[in-house]
Amino acid sequence: MAYDHKAIEKKAQQKWEEQALYTTDLTDTERDPYYLLCEFPYPSGDLHIGHWYAFSVTDIYARLLRLRGKNVLFPIGFDAFGLPAENAAIKRDLDPKEWTYANIDRMRGQLKSMGASFDWSKEVITCEPSYYQWTQWLFVKFFEHGLVERRKATVKWCPQDQTVLANEQVSDGKCERCGTEVVEKELTQWFLKITDYAERLLDGLDKLPWREEIKEAQRAWIGKSEGAAIEFPLAGRSEVIKVFTTRPDTLFGATYVVLAPEHALVRTLLSDVDNAAEVRTYLDKTAQKTERERSEQKDKTGVRLEGIVAENPVNGERIPVYVADYVLGSYGTGAVMAVPAHDERDFEFAHVHELPVREVVHREGASLPYTGPGTLVNSGDYAGADSDVVAWDIATIAGGVRTTQYRLRDWSISRQRYWGCPIPIVYDPDGNAHAVPAEHLPWLLPEDAHYKPTGHASPLASSDELRERVTRIFGEGWTPEYDTLDTFVDSSWYFLRYLAPHDTHAFTDRALSDRWFPVDRYSGGSEHTTMHVLYARFFTKALYDLALVSVDEPFIERFNRGLILGPDGQKMSKSKGNVINPDDFVDKFGADAVRIYLAFIGPYNEPGSYPWNLDGVTSMRKFLERIERLTVRADHAALTPELEKALAQANRKIVQDGDRFKFNTCVAALMILVNALEDAPSVSREALKQLLVYLAPFAPHLAEHLWEALGEEGSVHAAAWPVAAEHAEETVAVVVQVNGKRRGSLEVKADTSEQAVTAQALEIEQVVTALAGKKPTRIIYVAGKIINLVA
RNA sequence: GGGCAUGUGGCGGAAUUGGUAUACGCGUACGUCUCAGAAGCGUAUCCCGUAAGGGUUGGGAGUUCGAGUCUCCCCAUGCCCACCA
């Protein structure tokens with residue numbers, strides 16, 4: 001090894017710490033502020049290669065911006081409450097708190113070993129009372145303004161983790177954390193009313209310059225659909241069945257009505273149906289199915305409510321009523337009008353249960369079920385009309401009301417677990433909820449609770465201290481809330497806390513947030529598109545409405561980074577044995593080589609997957625060694641025009657592609673520069689100094705070391721970004737084409753006229769041959785790039 | 001099933017608003033240095049052709065002086081959502 005990376009790294013990291021190089025002065029008004037944010041890590045244990053990719057590559061940009069004169073805020077913290085840490089601690093028979101803090105200590109050291117330029121003075125840890133005091137304070141604000149609600153609802157429950165999950169935390173019917181099949185449970189829970197913001201969350205996206213795929217994913221998740229709410233009266237009864245439909249034009253084709261098994265009306269009707277036993281059996285069977293079983297069963301199951309008859313409001317037709325689990329209790333009104341001819345699910349159900357299929361929208365050549373638009377048939381006075389045109393007329397005569405439905409559900413935030421932020425709510429003797437007054441915040445997580453979940457009651461219920469605390473403060477008969485908050489609540493506002501991490505009077509600093517918020521660029525994983533990023537946007541809008549911040553979108557730019565795969569091209573996992581431990585590589589090749597490898601592997605501005613490649617890291621180490629050898633050749637000669645040009649090109653490329661988050665081409669530009677320097681007859685100190693500044697963001701330790709070796713003062717990371725030399729006299733290569741085909745090229749001065757270029761082009765032998773005596777009829781000249789002679 | 005994204009050498013990838021396709025690197029081959037190996041250094045490396053030249057960005061069509069880039073159709077892959085009425 002040509003240089004001792006361990007010694008170099010240690011020395012450089014010490015130097016930066018001593019000089020407090022990365023402590024951001026938030027009150028500085030001289031330089032432009034730039035808030036660069038990475039998703040803060042979950043203290044799960046060791047830092048893996050994905051963490052390196054997330055933090056060390058974003059760090060390149062932080063360093064680059066600082067060199068270019070920005071006042072950069074690049075903070076770090078820990079998302080420290082939550083299930084995985086708690087489960088891991090229980091498995092090891094440790095207190096979740098001890099386990100979490102031990103992990104934080106270890107990860108801090110590992111994060112520093114990357115040479116990441118985080119401002120540790122602003123570290124936030126969400127499980128610290130000084131942090132969660134403000135999570136609670138915000139919860140109370142939301143509570144006071146009606147944004148928090150306690151209600152009974154069917155919620156997703158993870159039997160393994162013994163807790164409720166938010167809709168966003170269920171994927172493919174399984175728990176996001178542990179993969180267990182999720183079941184539904186009826187529970188009284190706290191909700192954040194994110195659905196109140198559905199429309200604004202949608203609108204806000206239009207103005208954001210994010211990649212379309214991120215915005216589309218959020219739009220799809222919010223799932224806006226417009227339609228009509230229509231009431232179907234029940235013959236001889238006072239109740240009505242309210243349905244939601246986006247297709248009122250098919251109303252004449254409704255041949256039955258379906259209620260979801262969870263629908264409240266089912267229980268009411270049960271006493272009057274002729275086949276109550278059969279219905280009850282069906283309801284019980286359905287209740288035992290997991291979400292997935294319900295959606296994956298081959299045949300659409302259901303049962304008719306015998307003796308109950310609904311009336312189609314458009315024509316008074318009497319049609320049967322069914323209970324079927326293909327209708328979701330949680331969407332729309334929990335009931336649908338079934339139009340088998342024009343809906344695939346209704347068609348399937350009608351087929352199984354031998355219900356009539358009546359075509360009302362006709363299109364030549366289309367077979368049923370046909371779900372597109374067409375000409376109405378069997379539709380009374382509307383027969384012959386265009387289905388799209390008269391849809392709302394039909395809705396109107398049926399008494400339909402224009403309704404907008406969202407797929408988005410309110411955010412369930414109660415967790416029946418120990419390791420989370422206590423919900424700052426107490427109940428009076430009558431069971432009414434009251435917010436814990438601000439003077440009692442932080443509302444501490446009791447230390448005497450049995451933290452293992454029992455499934456019967458939340459762990460906090462086992463705390464005597466909590467009960468006594470409530471009695472002492474509020475009086476006899478008052479009881480605490482025993483659930484804790486979903487971890488995603490903690491992380492929905494941490495980017496504001498970085499601005500005032502030690503403030504004991506406010507959750508953030510208003511003056512600083514006016515200056516620093518929103519975040520300029522936020523880098524994270526695509527798995528958070530419909531979770532954390534959505535929640536953070538919701539929080540910001542709510543805070544804006546409470547006049548606590550001045551903007552209502554938290555992130556100007558959002559980038560989802562890619563994934564590092566195992567050497568076999570598969571996703572890394574312990575079971576596949578293809579997990580790369582970054583520590584081994586850092587130990588062997590140095591942090592700089594690993595950083596620059598991760599930067600070079602592919603563009604950072606779009607999500608992709610990159611297999612880990614040992615040869616790639618090795619070659620980066622060799623590249624760094626070439627730079628080290630180069631510095632030994634330093635002399636005092638003046639810069640040659642060639643080198644000046646090469647330096648200017650690298651400078652411009654790194655600035656431009658850095659801003660685009662394309663560090664792979666920045667590294668390529670560095671390589672081209674190093675190749676040019678190696679080929680040069682002499683290497684001046686001035687050229688090397690510039691090279692080291694360009695290298696510094698990518699390989700911060702080696703750049704610092706070589707900077708010192710050249711005898712330079714201070715830190716290379718505090719150096720001024722070189723001004724790229726402008727060459728007015730520069731010649732440019734102009735490609736000469738005949739009929740769009742390349743026939744040669746010319747070296748001309750940039751400001752050469754079209755006539756002069758044409759004249760020169762016509763002298764090229766291949767051009768003459770290609771023209772074969774013809775005269776160009778048209779000449780297209782793009783200055784400095786191309787000239788095309790069309791003949 | 002729906003939505004979005006992406007298809008460029010053996011591999012990762014490059015190609016500002018349409019303007020030299022394959023930058024940079026890996027791998028490979030040969031050479032050099034060496035007692036030998038490693039490292040280093042040098043040369044070559046999309047395809048056909050001795051060459052001149054011609055062809056090539058998943059396939060097909062189109063717009064254009066000019067298309068990897070724009071439009072349409074098809075194919076493949078990846079991600080997200082998924083009984084959402």
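Treat the numbers as computed from the prediction; the structure is a model and nothing was measured. Protein chains get the first letters and strands the later ones, always in sequence-line order, with residue 1 at the start of each.
For U8(B) and G55(B), the C1' atoms lie 16 Å apart once the distance is rounded to whole Å. Separation of the C1' atoms belonging to U64(B) and G18(B) is 9 Å when rounded to the nearest angstrom. When the P atom is used for both C79(B) and G10(B), the distance is 24 Å, rounded to whole Å.
Within the 4.0 angstrom heavy-atom criterion, base atoms lie near Gln737(A). As judged by a 4.0 angstrom heavy-atom cut-off over every strand, Gln405(A) is placed among residues making no nucleic acid contact.
For the pair Arg621(A) and Tyr597(A), the cation-pi test (distance below 6.0 Å, angle within 45°) is failed.
Ring pair Tyr331(A)/Phe244(A) is perpendicular by interplanar angle, where above 60° counts as perpendicular and below 30° as parallel.
Look at Thr618(A) and you won't find any side-chain N or O under 4.0 angstrom from OP1 or OP2 of C26(B). Under 4.0 angstrom from either OP1 or OP2 of A14(B) there lies at least one side-chain N or O belonging to Lys662(A). Considering only side-chain N and O atoms, Lys741(A) lies under 4.0 angstrom from the phosphate OP1 or OP2 of G55(B). In this model, the phosphate group of A85(B) is not approached by any side-chain N or O of Tyr326(A) to a distance below 4.0 Å at OP1 or OP2. Considering only side-chain N and O atoms, Arg407(A) lies under 4.0 angstrom from the phosphate OP1 or OP2 of A82(B). Contact annotation: Asn664(A) does not reach the phosphate of A23(B) (side-chain N/O to OP1 or OP2, under 4.0 Å).
Taking 3.5 Å as the limit, the base of C26(B) and the side chain of Asp615(A) contain no donor-acceptor pair of atoms between them.
Residue Lys242(A) qualifies as open at atom NZ: its count of foreign heavy atoms under 6.0 Å is 12 or below.
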